[in-house]
Amino acid sequence: MKDPIVEAKKELINWIREMDDLDKIQELLDLKNSENQNIIVAENQVEYAIKDDFDERFTKGISGDELLQRVYAHIESLPWKK
């Protein structure tokens, strides 16, 4: 038994080979590119799903006093011209 998908693909390939209309070929290319873009976007959204862990990161953060100490230390380390 023949696979109907393979037969349909062969028919489309033959049809495209015989096509001489540049506008129709461009429409097919646009369709192909839009299909590829939709697939890529969908994969990236799933791949880069990030949980919201703001509270955890906030509790691990530095205090205001430590921030000021780091800022002052950084300022002191800069090569100021006298």
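For this chain, numbers begin at 1 and follow the sequence in order.
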Heavy atoms, side chains only, cut-off 4.5 Å: are W15 and E11 in contact? no
Is K32 close to L28 at the side-chain level, that is, under 4.5 Å between some pair of heavy atoms? no
Look at the side-chain heavy atoms of Ile, Leu, Val, Met, Phe, Trp and Tyr, link any pair under 4.5 Å apart, and say whether [X] and [Y] land in one connected group.
X	Y	value
L78	L67	yes
I13	V6	no
L22	L31	no

Answer yes or no: does atom CD1 of I62 have more than 12 heavy-atom neighbours from other residues, nucleotides or ligands under 6.0 Å? yes
For E7, is the CD atom crowded, meaning more than 12 foreign heavy atoms sit under 6.0 Å from it? yes
Stepwise, does the side-chain hydrogen bond (donor to acceptor under 3.5 Å, both in side chains) test hold for D30 with Q26? CA-CA 6 Å; D30 293 341; Q26 186 60 48; 3.0 Å; yes
State the [atom1]-[atom2] distance between [X] and [Y], to the nearest 0.5 angstrom.
X	Y	atom1	atom2	result
M19	L12	CE	CG	9.0 Å
D3	K9	CG	NZ	8.5 Å
K24	I16	NZ	CD1	12.5 Å

E66/R70 ion pair, N-O < 4.0 Å: yes
